Protein chains: 2
Amino acid sequence: MRTSGFKNTLLKALDGDVIERLRLQPVKFELKHEIENPGNPIDRLYFLEEGMASMTTTFKDGSQVEVGMFGYESVIGVSALMGTKKSLNRVYTQIAGHGYSCQVEDAKREFRLGGAFQFLALRYVQAQLVQAMQSAGCNAKHSFEQRLARWLLLCADRAHVDTFKISHEFLADMLGGRRPTISTTAGILKRKGLIEYTRGEIHILDVPGLTKASCECYLIIKDYLDNYTKFDSTITS
Amino acid sequence: MRTSGFKNTLLKALDGDVIERLRLQPVKFELKHEIENPGNPIDRLYFLEEGMASMTTTFKDGSQVEVGMFGYESVIGVSALMGTKKSLNRVYTQIAGHGYSCQVEDAKREFRLGGAFQFLALRYVQAQLVQAMQSAGCNAKHSFEQRLARWLLLCADRAHVDTFKISHEFLADMLGGRRPTISTTAGILKRKGLIEYTRGEIHILDVPGLTKASCECYLIIKDYLDNYTKFDSTITS
DNA sequence: CAATCTTTGTACGGTACCTGACATAACTCG
DNA sequence: CGAGTTATGTCAGGTACCGTACAAAGATTG
């Protein structure tokens, strides 16, 4: 285990003895696997290594909106460390992948020691908070084209891929819009040569171009998710 | 000090010895006082007892949107406990009031003890996260009338008042809309007999009615902010 | 390979909110 | 009390996105 072939940002930053105490177990995530469901007890924490999962709020009318993304930097279930016993929101896989999991009890015990694990978990919660707050502002002020571009970029970053299977229908759900709106908006990005796609598969062609088409929110969120383990990242400076 | 005449939810839940270690100092907040500014170092934590403060994200074009509200339940600056040295967002008073403050160092020392203060601070961060996530969804899906009603109710709850000085201009900034849109929307609520207002002063007349005019987001956020100190609130059950 | 299902393109009337402008009313200060 | 300032009402043209519907094209199944 020791000097870690981990791809997960948080696990990679931990010493071997901490890793051992967490008693990690490898897990696979198929597509659309429900990792958390609102109201269900959280009994394991998940550290993604590959793949991507979304957290969504579901409204009474059944519609949902994405409020957070999880990739190789993630710890899913941190709220269990914050005194919440039950899951707040739905979390499910958008891109199949794998990672590690541990028991909440082991994580809590390690958290209470007040060492690196606590520090990193708290920093990650902070990053999640930034993500949610920036999204709140973004959803209020920015256009669909900007938000779609932002989503595609973040997704690609989180999962370390530039091609992924996702339908317009799902994108509409994530962004809180309608499917036809996504189709036209995606069409615009396609005509601009920034992406290409066919039936459920999207391929990103031009990252700088997409970044320009998106809003400042992309880089702000990316920065926090990429750098939360570093003490003197651009975040803190 | 002991059995606490505190109105602040978190302070009220702490034992006298913890309170003493925090070395609180009373503070007054005039209107539009800037408590935190993005990039500035956080050197004190603030516990509001009366009044209300908003946290906003500011975009490059100068516009801003509210991403969180602080009232008698609040701890402003918790992110300093999470390993962030500098403030993430602007926080400033919307309704003048007062409260207590303590040095970040004292709060950090207390936090590290892993007792009640840590537990409550983490629970509060959790509540803030819920607030931000719910706002993200709400801003994407709900109408201006719903969101205005939600804002007015939350504001009244946080500050324990049913009348407050706020202009349409400011409301527009908070909700991420335009002033004329607020004017017409507020006019609708007024004609429905839910609120009344004159030049910068809003008075809430009918809370149940406003609740109906708002979206589910109001009660969800209110529930978390009201109950985060209780272990078995509706949140966790 | 026909039948079905899923995904995408597209169109069209409707609505919510924007943008900017102008008018009015209330408060403030000289 | 008159002049300036601030807050609100309102309007009109424009745009972004909704809501719904339907057609077409790729994928899947029997």
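All of these numbers come straight from a predicted model, not from anything done at the bench. Here is the naming used below: chain letters follow the sequence lines, and residue numbers restart at 1 for every chain.
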message: Here's one to test your reading of the geometry: is the NZ or CZ of K32(A) within 45 degrees of the ring axis of F170(A) and under 6.0 Å from its centre?
response: yes
- request: Please tell me which of T185(B) and K190(A) maps to the more 5' nucleotide of DNA chain C, matching each residue to the nucleotide holding its nearest heavy atom.
  value: K190(A)
query: In whole Å, what is the span from the CD atom of E169(A) to the P atom of dG9(C)?
result: 13 Å
query: Do the ring planes of Y72(B) and H160(B) sit parallel (below 30°), tilted (30 to 60°) or perpendicular (above 60°)?
result: parallel
field: Student check: side-chain heavy atoms of Q126(B) and L122(B) closer than 4.5 Å
entry: no
query: At under 4.0 Å between heavy atoms, what does G187(B) touch on the DNA or RNA strands: base, sugar-phosphate, or nothing?
result: nothing
task: Return the angle between end axes of the helix from dC1(C)-dG30(D) to dG30(C)-dC1(D), with five pairs used per end and rounding to 10°.
output: 30°
- line: Which of dG20(C), dA11(C), dC27(C) is nearest the side chain of P180(A)? It is dA11(C)
field: Test item: Y228(B) and L10(B) side chains (from C-beta on) under 4.5 Å apart, heavy atoms
entry: yes
- line: Residues of residues 138-146 of chain B with a heavy atom under 4.0 Å from any atom of DNA chain C, listed by number, are S143(B), F144(B)
message: Looking only at the aromatic ring of each residue, does the gap between the centers of Y100(A) and F6(A) stay below 6.0 angstrom?
response: yes
task: Quick one: pull up CD in E36(A) and CG in L45(A) and give me the separation to the nearest 0.5 Å.
output: 8.5 Å
query: So, E66(B) and S54(B): side-chain donor and acceptor under 3.5 Å apart, yes or no?
result: yes
- prompt: N89(A) versus T56(A): any side-chain heavy-atom pair under 4.5 Å?
  reply: no
field: Nucleotides bounding contact with chain A, strand DNA chain D, heavy-atom threshold 4.0 Å
entry: dC17(D) to dA27(D)
field: Side-chain (D223(B)) to main-chain (L219(B)) donor-acceptor, under 3.5 angstrom
entry: no
message: Output the rounded distance in Å from CZ (R199(B)) to P (dA25(C)).
response: 12 Å
query: DNA chain D: R178(A) or H168(B), which has the more 5' nearest nucleotide?
result: H168(B)
message: Please report the distance, rounded to the nearest Å, between CZ in R191(A) and C1' in dG9(C).
response: 10 Å
Between dA16(C) (C1') and I182(B) (CD1): distance, integer Å: 13 Å
- prompt: Rounded to whole angstroms, how far apart are CG on L175(B) and C1' on dA16(C)?
  reply: 15 Å
- prompt: Could a donor-acceptor pair under 3.5 angstrom be found where the side chain of R179(A) meets the base of dG9(C)?
  reply: yes
message: With nearest nucleotide decided by heavy atoms, which residue, G176(A) or T198(A), maps closer to the 5′ end of DNA chain D?
response: G176(A)
- prompt: Would you say the side-chain atoms of Q134(A) pair up with the backbone N or O of Q131(A), donor to acceptor, closer than 3.5 Å?
  reply: no
message: Under 6.0 Å between ring centres: does that hold for H168(A) and Y197(A)?
response: yes
